[in-house]
Amino acid sequence: MDNWYRVGAERDLGTPLVPGESLVSLHIDGMEVTVPEGTSVMRAASLSGTNIPKLCATEDLEPFGSCRMCLVQIEGRPGFPASCTTAVSEGMIVRTQSPQIAKLRRNVMELYISDHPLDCLTCPTNGNCELQDMAGAVGLREVRYGYEGENHLDKGKDETAPYFTFDASKCIVCSRCVRACEEQQGTFALTIQGRGFDSQIVASQNDDFAQSECVSCGACVKACPTATLTEKTIIAKGQPDKATVTTCAYCGVGCSFRAEMQGDELVRMVPNRDGHANHGHACVKGRFAFGYATHDDRITTPMIRDSIRDAWREVSWEEAISYAAKSMKDIQSKYGRKSIGGITSSRCTNEEVFVVQKFIRGAMGNNNVDTCARVCHSPTGYGLKTTLGESAGTQTFDSVMKADAIMIIGANPTEAHPVFGSMMKRRLRQGAGLIIVDPRATDLVDGTHIKADQHLQLKPGTNVAVINALAHVVISEGLEDKAFIESRCEVEAYQIWREFIAREENSPEALESVTGVAANEIREAARLFANAGNGAIYYGLGVTEHSQGSTMVMGIANLAMATGNIGREGVGVNPLRGQNNVQGSCDMGSFPHEFPGYRHVSDEATRGLFESAWGVTLDDQPGYRIPNMFDAAIDGSFKGLYIQGEDMAQSDPDTQHVQAALESMECVIVQDLFLNETAKYAHVFLPGSSFLEKDGTFTNAERRISPVRKVMQPKSGKAEWQVTCELSSAMGYPMSYEHPREIMDEIARLTPTFNGVSFEKLDELGSIQWPCNDEAPLGTPMMHREEFVRGKGYFAPTPYVPTDERSTSRYPLLLTTGRILSQYNVGAQTRRTHNMEFHSEDRIEIHPSDAEIRGIVHGSWVGIKSRAGETVLRADVTNRVLPGVVYTTFHHPESGANVVTTDNSDWATNCPEYKVTAIQAYPVSSPSEWQKMFANFHEEQTELHNKRKRIDRVLAKS
Amino acid sequence: MTVNTDKLIRMAEQIAANMAYTDDQAVVAAKIADHLGRFWDPRMLQAIKEQAASEPASLSPVLLAAVTSLG
């Protein structure tokens with residue numbers, strides 16, 4: 001099916017949709033029109049086929065009524081009201097055109113053009129400029145004022161933002177950019193300074209964009225009707241001519257974009273107004289940071305080598321696959337069937353991941369398959385499956401707009417899920433209550449027009465104590481929703497939990513010294529949450545990446561059930577999944593103990609279904625998780641690993657342990673875009689493809705399956721799933737498909753929650769939230785409506801077990817980690833874009849009192865040492881963290897943030913305890929030993945890569 | 001004890017501590033055993049069973065009971 005369309009075909013109805021139950025009928029230019037009550041006259045006219053001229057109005061923003069272009073005549077009303085700010089009424093009679101209206105519009109346009117450059121033919125928005133269009137629409141023929149008067153034509157350009165230009169001479173002060181920054185993004189970076197003729201758009205305190213609070217989301221650029229705010233790629237390349245809808249490859253929001261092209265060159269990514277997750281908004285990464293896909297660092301030719309100390313050799317696909325397959329088979333002959341395994345990518349499509357786990361199970365004959373969810377949300381899988389019956393969040397993102405009290409635990413949505421963060425901010429500005437549970441003062445604690453009602457600034461490692469204390473208050477003060485509990489939850493389990501949570505040891509008072517949070521603050525927070533009509537909990541890796549990650553997830557589910565906050569809009573348990581397809585990767589069975597659809601490998605019926613479909617006997621025992629693979633590698637029993645799109649040498653904890661494990665293996669196969677940190681330990685490199693080069697699907701944090709559409713051919717010449725299939729065939733388990741849609745059809749046949757999913761249905765619906773089957777043919781926005789997936793909800797007791805990782809006299813500070821808006825995880829993508837201008841290095845945040853007694857000053861080099869290792873980072877002395885707590889990000893490999901994180905992990909899933917590491921900090925003047933080793937190894941491996949040559953060429957010459 | 005067995009014991013004791021919401025040791029042991037059976041690779045199970053057999057004092061009583069019940 002053809003999913004391409006011409007750029008510029010998108011309609012803008014002028015003002016936002018106003019949902020209304022009752023309908024209103026009116027006459028516009030003699031035609032009867034019926035629309036929901038509350039709709040603007042402008043939108044009603046658009047819907048009936050009449051586009052009233054407009055400049056300051058756009059469907060993406062609330063009406064403003066400033067440009068005076070959209071004037072109409074309404075019978076019985078004096079003057080010429082603006083159609084954008086006038087709501088329809090029953091029996092209204094509207095004229096959108098008349099000689100007087102035409103004259104007024106021309107006169108208004110004449111004023112605009114008297115102060116506007118007339119360089120249309122060389123202007124970057126030539127052919128795609130609303131001002132140009134409106135000048136044509138109103139029939140402007142002359143500017144009687146002449147051009148000698150005062151004007152703004154000599155205003156300069158601000159080109160400091162890396163991705164767009166602000167050309168003030170072209171601004172018509174329609175305020176769309178200011179309103180976009182307020183309403184859509186919620187950053188409030190732009191304002192109109194001055195009045196009358198002196199009015200001008202400025203960023204922050206009249207700063208350059210790069211110095212201002214602007215976060216480069218691009219909402220203002222999209223909103224701008226002129227060339228004032230224009231993408232630099234448009235300036236460089238010109239207007240795109242065709243587009244298709246695809247899905248972002250960065251975070252778990254899964255924004256829908258229009259990829260606008262010239263041929264097979266991507267000109268820009270424009271957020272899709274019809275995107276079900278993002279509704280036309282985006283962040284700096286998805287909107288602008290796509291340059292990595294065509295970066296010089298891309299490797300597009302397969303490479304092999306016998307040892308990691310050898311130079312790489314470029315070879316053909318046939319040779320690379322044959323070499324890889326033979327190496328893996330030889331290892332199995334020597335060390336056993338279970339001595340090899342694979343890791344699927346949470347950045348690749350559902351189809352690609354499904355094929356990898358099928359390859360591991362079918363060709364390798366074991367269940368040694370895992371994915372990066374291991375290190376982020378595996379506790380979500382365990383915790384929610386145990387309590388609610390399904391390993392996924394319960395709501396849509398839109399649900400937040402009906403929340404009355406929002407609790408954010410261990411998450412930083414404005415940085416890590418920015419588009420959802422903006423939606424949440426909109427709800428908070430409307431008055432929803434806010435409770436933040438975080439050791440750090442994130443932006444939402446006290447941001448622009450947002451202030452948390454309660455910030456429970458707990459000590460790292462005490463999450464479960466806090467959630468138990470909150471639940472204790474709910475029960476002890478009689479705030480529980482008895483009706484919900486009785487009708488929806490298991491009675492016996494509830495009684496056991498109730499008895500447990502009511503114990504004095506779980507009271508806020510008893511736990512105050514443990515958590516560092518005052519008892520009355522916990523009580524206020526619990527009352528705020530329990531008494532709100534709709535209470536919603538959002539959480540992230542600050543919950544899961546702990547030794548009690550799974551326990552905390554269960555504690556969150558317990559609190560939600562106890563307060564009756566599941567099963568409708570505005571409530572729910574909402575894990576903010578990090579990666580673009582980590583949800584999908586889990587759904588596709590990338591777990592050593594589960595097949596696709598979260599069914600245990602020991603389940604005979606399920607295993608029989610897959611054995612029959614795949615024509616192979618499958619292992620019925622759980623395999624190794626990633627940490628187990630590394631331990632077994634060092635032990636000598638695990639020797640081969642196929643890694644699709646993951647970089648554990650940078651992302652996983654205890655880097656030196658990971659490096660030792662990789663070095664212990666005899667065949668490491670990396671399938672990726674770049675020679676990443678893990679590839680430096682590889683023997684086979686299979687070039688992968690970016691999201692622009694593939695057809696498939698991603699599943700976001702809402703369980704929303706969205707299409708990924710190919711806009712350019714894979715640079716390596718092969719689709720990633722094709723490579724996996726060929727490797728599988730070479731290892732003796734033939735696999736082949738003609739197109740990813742066939743893979744999705746197979747997934748649908750074998751996975752009940754995906755039964756109704758197909759590429760055709762996705763083309764039709766735009767996106768589908770699983771479960772999608774006979775019971776829910778259009779998908780399931782909200783789960784656990786009438787009953788939980790497991791039937792009755794299960795209250796799981798959650799004893800607080802302090803982590804072994806505690807501050808000591810030797811390591812007196814606690815390190816926690818997090819993410820930043822402009823860089824993404826290990827930075828493989830964002831470090832290869834202009835986003836480097838926003839965050840070129842990781843820094844360590846340290847409280848002034850901790851810094852002072854150590855002689856550490858802002859910007860100086862600081863050594864950080866834990867029982868696992870040592871690294872050096874530059875200091876950021878700040879009050880965002882409490883005394884005793886330090887914080888850093890992990891986007892740059894040379895930072896070595898994971899050199900210091902330990903092998904402590906969640907008891908149930910082995911999710912690493914990234915969020916609690918005991919360290920000491922001290923001033924230094926040189927990099928750490930590990931960093932010196934890293935720099936040398938990096939140089940060595942880069943040289944080995946540079947020495948690569950095609951075997952054929954060498955043989956031909958000799 | 002090898003380094004790997006040390007780690008297995010540490011992981012298993014962690015599971016035990018997180019199941020200990022009740023004083024009823026039989027219930028706790030059963031929950032530990034269930035978790036190990038569902039999530040641990042058979043080689044890891046074998047290693048800890050061997051450890052329990054050769055050095056029972058290296059495991060806490062409830063963990064020992066759980067591992068023993070795995071047969």
Side-chain angles (χ1 to χ4, degrees), chain A residues 336 338-339 341 366-368 378 382 386 464 468 496-497 499-501 503 506 547-551 554 591-594 600-602 619-625 627-638 657 796-804 903-910 913, chain B residues 1-55 57-71:
Chain A
K338 295 190 178 188
S339 62
N366 61 48
N367 286 319
N368 291 339
S378 49
Y382 180 90
T386 304
V464 173
N468 285 351
I496 293 171
W497 174 80
E499 183 280 325
F500 156 77
I501 208 73
R503 293 177 200 162
N506 289 320
S547 59
Q548 280 203 295
S550 294
T551 309
M554 294 193 289
F591 283 136
H593 68 293
E594 280 174 341
H600 203 275
V601 294
S602 66
D619 193 339
D620 62 351
Q621 299 290 319
Y624 278 155
R625 297 166 173 169
N628 310 142
M629 290 179 193
F630 293 153
D631 291 341
I634 289 175
D635 234 10
S637 61
F638 190 84
H657 182 73
T798 52
Y800 168 58
V801 178
T803 171
D804 288 339
D903 62 352
N904 270 11
S905 66
D906 171 53
W907 64 272
T909 62
N910 288 141
E913 190 167 47
Chain B
M1 271 195 264
T2 67
V3 170
N4 211 4
T5 324
D6 263 347
K7 200 159 183 184
L8 289 181
I9 294 173
R10 199 153 38 98
M11 287 185 344
E13 293 290 6
Q14 211 186 345
I15 294 166
N18 275 275
M19 297 294 191
Y21 63 90
T22 172
D23 292 332
D24 188 335
Q25 297 294 282
V27 167
V28 177
K31 284 197 170 278
I32 298 166
D34 174 63
H35 186 94
L36 293 176
R38 272 201 293 147
F39 295 106
W40 277 29
D41 178 278
R43 287 163 292 178
M44 290 161 64
L45 287 175
Q46 188 57 34
I48 201 154
K49 282 183 209 171
E50 283 168 10
Q51 180 62 27
S54 62
E55 282 181 66
S58 63
L59 275 56
S60 66
V62 70
L63 179 60
L64 183 61
V67 173
T68 310
S69 77
L70 288 168

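Everything numeric here is computed off the predicted structure, so don't read it as measured data. Each chain gets a letter, A, B and so on, in the order the sequences are listed, and its residues count up from 1.
- The residue among A:Glu499, A:Lys338, A:Gln621, A:His593 with the most heavy atom pairs within less than 4.5 Å of chain B is A:Lys338.
- Rounding to the nearest 0.5 Å places CG of A:Asp635 at 10.5 Å from NZ of B:Lys7.
- Using a 4.5 Å cut-off between heavy atoms, B:Arg10 touches chain A through its side chain atoms alone.
- Interface remark: A:Asn366 contributes no atoms to any contact with chain B (heavy atom separation under 4.5 Å).
- Ranked by heavy-atom pairs shorter than 4.5 Å toward chain B, the options A:Tyr624, A:Trp497, A:Phe591, A:Tyr800 are led by A:Tyr624.
- For A:Ser547, the parts sitting under 4.5 Å from any heavy atom of chain B are the backbone and the side chain alike.
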Please table the atom pairs, donor to acceptor, closer than 3.5 Å between any side-chain atom in residues 13-22 of chain B and protein atoms at least two apart or in another chain.
{"unit_1": "B:Glu13", "atom_1": "OE1", "unit_2": "B:Ser60", "atom_2": "OG", "d": "2.7"}
{"unit_1": "B:Glu13", "atom_1": "OE2", "unit_2": "B:Ser60", "atom_2": "N", "d": "2.7"}
{"unit_1": "B:Glu13", "atom_1": "OE2", "unit_2": "B:Ser60", "atom_2": "OG", "d": "3.4"}
{"unit_1": "B:Gln14", "atom_1": "NE2", "unit_2": "A:Ser905", "atom_2": "O", "d": "2.7"}
{"unit_1": "B:Asn18", "atom_1": "OD1", "unit_2": "A:Gln548", "atom_2": "NE2", "d": "2.7"}
{"unit_1": "B:Asn18", "atom_1": "OD1", "unit_2": "A:Thr551", "atom_2": "OG1", "d": "3.1"}
{"unit_1": "B:Asn18", "atom_1": "OD1", "unit_2": "A:Trp907", "atom_2": "NE1", "d": "3.3"}
{"unit_1": "B:Asn18", "atom_1": "ND2", "unit_2": "B:Gln14", "atom_2": "O", "d": "3.0"}
{"unit_1": "B:Thr22", "atom_1": "OG1", "unit_2": "B:Asp24", "atom_2": "N", "d": "3.1"}

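- A:Ile496 touches chain B through its side chain: at least one heavy atom from C-beta onward sits under 4.5 Å away, while N, CA, C and O do not.
- Looking at A:Tyr382, only its side chain comes within 4.5 Å of chain B, counting heavy atoms on both sides.
- Under the 4.5 Å side-chain criterion, counting only non-hydrogen atoms from C-beta, B:Leu8 is not in contact with A:Asp631.
- Contacts of A:Asn367 with chain B are absent, with no heavy-atom separation under 4.5 Å from either backbone or side chain.
- The salt bridge (Lys or Arg N to Asp or Glu O under 4.0 Å) check on A:Glu594 picks up A:Lys385, with sequence neighbours excluded.
- Chosen from A:Asn628, A:Asn910, A:Asp903, A:Thr798, the residue pairing most often with chain B at heavy-atom distances under 4.5 Å is A:Asp903.
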